[in-house]
Amino acid sequence: MLVLLLGMGRVATAQDIPVYPPPAPLDTAGLGKSDAQTFANSQVVGMGPSKGLIVKYERIPGNFSIRSSGVGGVPDYRTDVSKNANLVIKAYAPLLNHPHLKLVLGLNYDRQEYQFREPATSDQYGLYGNIENKGLSIIGAQLAVIRPVDAVHWYLFRTKTELNGDYNSDELDINNYLKVTSEFIYGWKRSSTFAWGLGVQLGYVLGRQSIYPVLVYNRTFNPRWGVEALFPARVLVRRNLSPTSLLFAGYEVVSNNYNLKLRNTFPTPNNPAVRALELRQIDVKFRLRYEHELLSFLWTGVEAGYRYNYEFNAFDRTDNTRDRIINSQLGGTPYASLDLFIVPPRKLLQKAERSRK
């Protein structure tokens with residue numbers, strides 16, 4: 001798919017074609033925008049407005065299966081998931097917004113809940129009993145440093161710290177749940193409609209912490225069509241329906257890495273004292289998304305698609321051995337989500353645009 005998109009880029013029209021809506025001063029990842037004729041950045045005209053505050057609720061309807069096979073004598077387990085819901089809240093704010101240097105602070109909260117048709121007690125199968133009683137939470141903060149070098153070159157450094165796991169507010173231990181990711185991307189702004197970059201990320205997209213390459217590819221081919229990619233994690237084809245409506249289609253790899261502190265030890269033949277697990281979840285979502293302006297500062301997003309679970313495995317982290325003790329996979333299923341996000345008001349963007357001229 002990426003090869004096809006790169007080929008489409010060769011027949012793009014002139015650089016200053018009229019596309020909409022114009023990108024806002026800061027995008028959702030903190031990559032930023034300044035005058036395209038003076039300072040380079042990863043944004044291209046035609047991309048949607050920046051998101052300052054996002055509230056999203058995702059739900060997977062109906063029942064789907066979960067099948068677990070134990071390793072080293074751990075018993076197998078099968079049941080159906082009767083509920084899987086996810087609440088996400090994100091906020092982004094600029095700390096510094098100079099033409100040659102931008103700092104963006106981001107905060108996020110994510111809570112994922114599971115309910116099982118036949119819930120297991122901790123003595124039977126501690127993994128699922130623990131998840132159903134507590135849920136899975138993420139609290140995080142990130143800092144992005146964006147450096148537009150000149151009219152062509154830009155780079156981004158971002159680091160994020162998160163507390164991932166099944167903790168409650170009265171038992172939060174930072175050392176038990178801390179996860180750190182970081183990335184560096186160096187890019188080129190070829191025109192107001194084409195920007196790309198290469199980099200590396202130290203993160204958990206593949207389940208465990210590892211280093212892997214990143215390709216940024218943002219391009220607007222004409223007033224209606226474009227592509228926004230952070231390969232291999234996400235590739236989206238964009239259709240600009242109107243100045244206030246956008247349609248996206250593509251895929252996204254969603255990976256979560258949770259630390260679980262079991263209430264009761266997990267019974268295993270080889271090690272009966274497993275007290276902590278690391279749960280690695282990797283999903284591939286095939287997405288169709290629609291975004292629409294409700295007010296000058298408020299947009300909504302509606303998304304639907306199909307989720308394919310690649311991994312839902314548990315590893316023993318009682319003594320940091322990281323031995324795999326459970327292989328699991330969730331059944332494929334459709335999903336839907338609804339979100340609201342606040343963007344810079346149009347008058348503020350128009351004022352900022354006039355001040356740059």
Let me check something: do Val302 and Val237 share a hydrophobic cluster, defined by ILVMFWY side-chain heavy atoms less than 4.5 Å apart, either directly or through other members? no
May I ask you to test the Leu202-Ser182 pair for a side-chain heavy-atom distance under 4.5 Å? yes
Side chain to side chain, Asn257 and Glu278, heavy atoms closer than 4.5 Å: yes
Quick one about Glu228 and Tyr217 (side-chain donor to acceptor, distance below 3.5 Å, no hydrogens or angles considered), yes or no? no
Show the numbers, then the answer: is there a side-chain contact (heavy atoms from CB on, under 4.5 Å) between Ile146 and Leu103? CA-CA 6 Å; Ile146 308 100; Leu103 303 179; over 6 Å; no
Are the side chain of Gln201 and the backbone N or O of Val214 linked by a donor-acceptor pair below 3.5 Å? no
Go through Asp339 and Lys56 one step at a time and tell me if the salt bridge (Lys or Arg N to Asp or Glu O under 4.0 Å) criterion holds. CA-CA 4 Å; Asp339 57 278; Lys56 178 179 180 180; 5.4 Å; no
For the pair Gln329 and Tyr310, evaluate side-chain hydrogen bond (donor to acceptor under 3.5 Å, both in side chains) and give the outcome as yes or no after the intermediate values. CA-CA 7 Å; Gln329 187 169 18; Tyr310 176 78; over 6 Å; no
If you compare all heavy atoms of Phe116 against all heavy atoms of Thr79, which two are closest, and at what distance to 0.1 Å? CD2-CG2, 4.0 Å
Take a 6.0 Å sphere around CZ of Arg67 and say whether it holds more than 12 heavy atoms from other residues, nucleotides or ligands. no
Phe194 six-ring face occupied by Arg219 cation (under 6.0 Å, within 45°): yes
Minimum heavy-atom separation for Ala40 to Lys189, with atom names? CB-CB, 3.6 Å
Taking C-beta and beyond as the side chain, do Pro344 and Phe297 meet within less than 4.5 Å on heavy atoms? no
What pair of heavy atoms forms the shortest contact from Ser42 to Ala195, and how long is it? O-CB, 3.6 Å
Looking at Asp80 and Ser82, would you say the former's side chain and the latter's main chain have a donor-acceptor pair under 3.5 Å? no
Under 3.5 Å, side chain of Arg224 to main-chain N/O of Leu241, donor-acceptor pair present? yes
Of all the heavy-atom pairs spanning Thr333 and Pro61, show the shortest one and how long it is. OG1-O, 4.1 Å
Between Arg289 and Glu252, is a side-chain contact (heavy atoms from CB on, under 4.5 Å) present by the stated rule, with each step listed? CA-CA 12 Å; Arg289 178 175 174 81; Glu252 180 178 15; over 6 Å; no
Give me the ring orientation class for Trp196 and Trp188: parallel if the planes are under 30° apart, tilted from 30 to 60°, perpendicular past 60°. parallel
Are Phe231 and Ile211 connected into the same hydrophobic cluster when the rule is that any two of I, L, V, M, F, W, Y join if their side-chain heavy atoms are below 4.5 Å apart? no
Can you see which heavy atom on Ala141 is nearest to which on Leu107, and at what distance? CB-CD2, 3.7 Å
Look at the side chain of Arg238 and the backbone N and O of Gly46, then say whether any donor-acceptor pair between them is shorter than 3.5 Å. yes
Rounded at 0.5 Å granularity, tell me how far CG in Leu178 sits from CG in Leu163. 6.0 Å
Any donor and acceptor pair, going by atom type alone, linking the side chain of Lys160 with main-chain N or O of Gly203 inside 3.5 Å? no
Arg307-Asn84 side chain donor-acceptor pair, cut-off 3.5 Å: yes
Under 4.0 Å between a Lys/Arg side-chain N and an Asp/Glu carboxylate O for Glu132 and Lys83? no
Would Val254 and Tyr57 show up in the same hydrophobic cluster when neighbours are defined by side-chain heavy atoms closer than 4.5 Å? no
Rounded to the nearest 0.5 Å, the CG atom of Leu277 sits from the CZ atom of Arg317 at a distance of 9.0 Å
So do the side chains of Val253 and Ile282 get within less than 4.5 Å of each other, counting heavy atoms only? yes
Distance (rounded to the nearest 0.5 Å) between Asn327 CG and Ser68 OG: 8.5 Å
Are any side-chain N or O atoms of Asp316 and backbone N or O atoms of Asp323, one a donor and one an acceptor, separated by less than 3.5 Å? no
Is there a path of hydrophobic side-chain contacts, each under 4.5 Å between heavy atoms, that joins Trp299 and Leu338? no
Run the side-chain contact (heavy atoms from CB on, under 4.5 Å) test on Lys179 and Asn259 for me, step by step, so that the C-alpha distance in whole Å, both residues' side-chain angles and the decisive distance to 0.1 Å come before the verdict. CA-CA 9 Å; Lys179 305 286 184 181; Asn259 290 349; 3.0 Å; yes
Could you tell me if Tyr290 and Ser245 have a donor-acceptor pair between their side chains, going purely by distance under 3.5 Å? yes
Leu247 side chain near Leu288 side chain, heavy-atom distance below 4.5 Å: yes
Side-chain donor-acceptor pair present, Tyr128, Ser328, cut-off under 3.5 Å: yes
Can you see which heavy atom on Asp150 is nearest to which on Val152, and at what distance? OD1-N, 2.8 Å
Could you check Phe312 against Leu279 for side-chain contact (heavy atoms from CB on, under 4.5 Å), going step by step and ending with a plain yes or no? CA-CA 7 Å; Phe312 197 76; Leu279 178 63; 3.7 Å; yes
Where does the angle between the aromatic ring planes of Tyr186 and His153 fall among parallel (under 30°), tilted (30 to 60°) and perpendicular (over 60°)? tilted
Taking the side chain as every heavy atom from C-beta outward, state whether Ile60 and Tyr335 have any pair of such atoms under 4.5 Å apart. yes
Taking CZ in Arg59 as the centre, count heavy atoms belonging to other residues, nucleotides or ligands within less than 6.0 Å. Is the count above 12? yes
Give a yes or no on whether Phe315 and Ile66 share a hydrophobic cluster (residues Ile, Leu, Val, Met, Phe, Trp, Tyr; joining criterion: side-chain heavy atoms under 4.5 Å apart). no
Counting only heavy atoms not in Lys90 (residues, nucleotides, ligands), do more than 12 fall under 6.0 Å from its NZ? no
Between CG on residue Asn176 and CG on residue Asn164, distance to nearest 0.5 Å: 12.5 Å
Compute whether any side-chain donor of one residue and acceptor of the other, for Asp283 and Asn309, lie under 3.5 angstrom apart. yes
When the aromatic ring centroids of Tyr167 and Tyr177 are compared, is their separation below 6.0 Å? yes
To the nearest 0.5 Å, what is the distance between OG1 (Thr181) and CD (Glu183)? 7.5 Å
His292 side chain to Leu246 backbone, donor-acceptor under 3.5 Å: no
Is the backbone N or O of Ser137 less than 3.5 Å from a side-chain atom of Asp110, with the two atoms forming a donor-acceptor pair by type? no
When you measure from the side chain of Thr300 to the backbone N and O of Leu340, does any donor-acceptor pair fall under 3.5 Å? no
When you compare the side chain of Trp225 with that of Arg239, does any pair of heavy atoms fall below 4.5 Å? yes
Between the side chains of Gln112 and Tyr258, does any donor sit under 3.5 Å from an acceptor? yes
Any chance you could lay out the salt bridge (Lys or Arg N to Asp or Glu O under 4.0 Å) test for Glu303 and Arg287, step after step, and finish with the verdict? CA-CA 7 Å; Glu303 184 173 317; Arg287 312 165 54 194; 3.0 Å; yes
Atom pair CG/CD1 of Leu298 and Ile342 - distance to nearest 0.5 Å: 6.5 Å
Do the non-hydrogen side-chain atoms of Val88 and Ile54 ever get within less than 4.5 Å of each other? no
Say whether Thr193 and Thr220, considering side chains only, have a donor N or O and an acceptor N or O under 3.5 Å apart. no
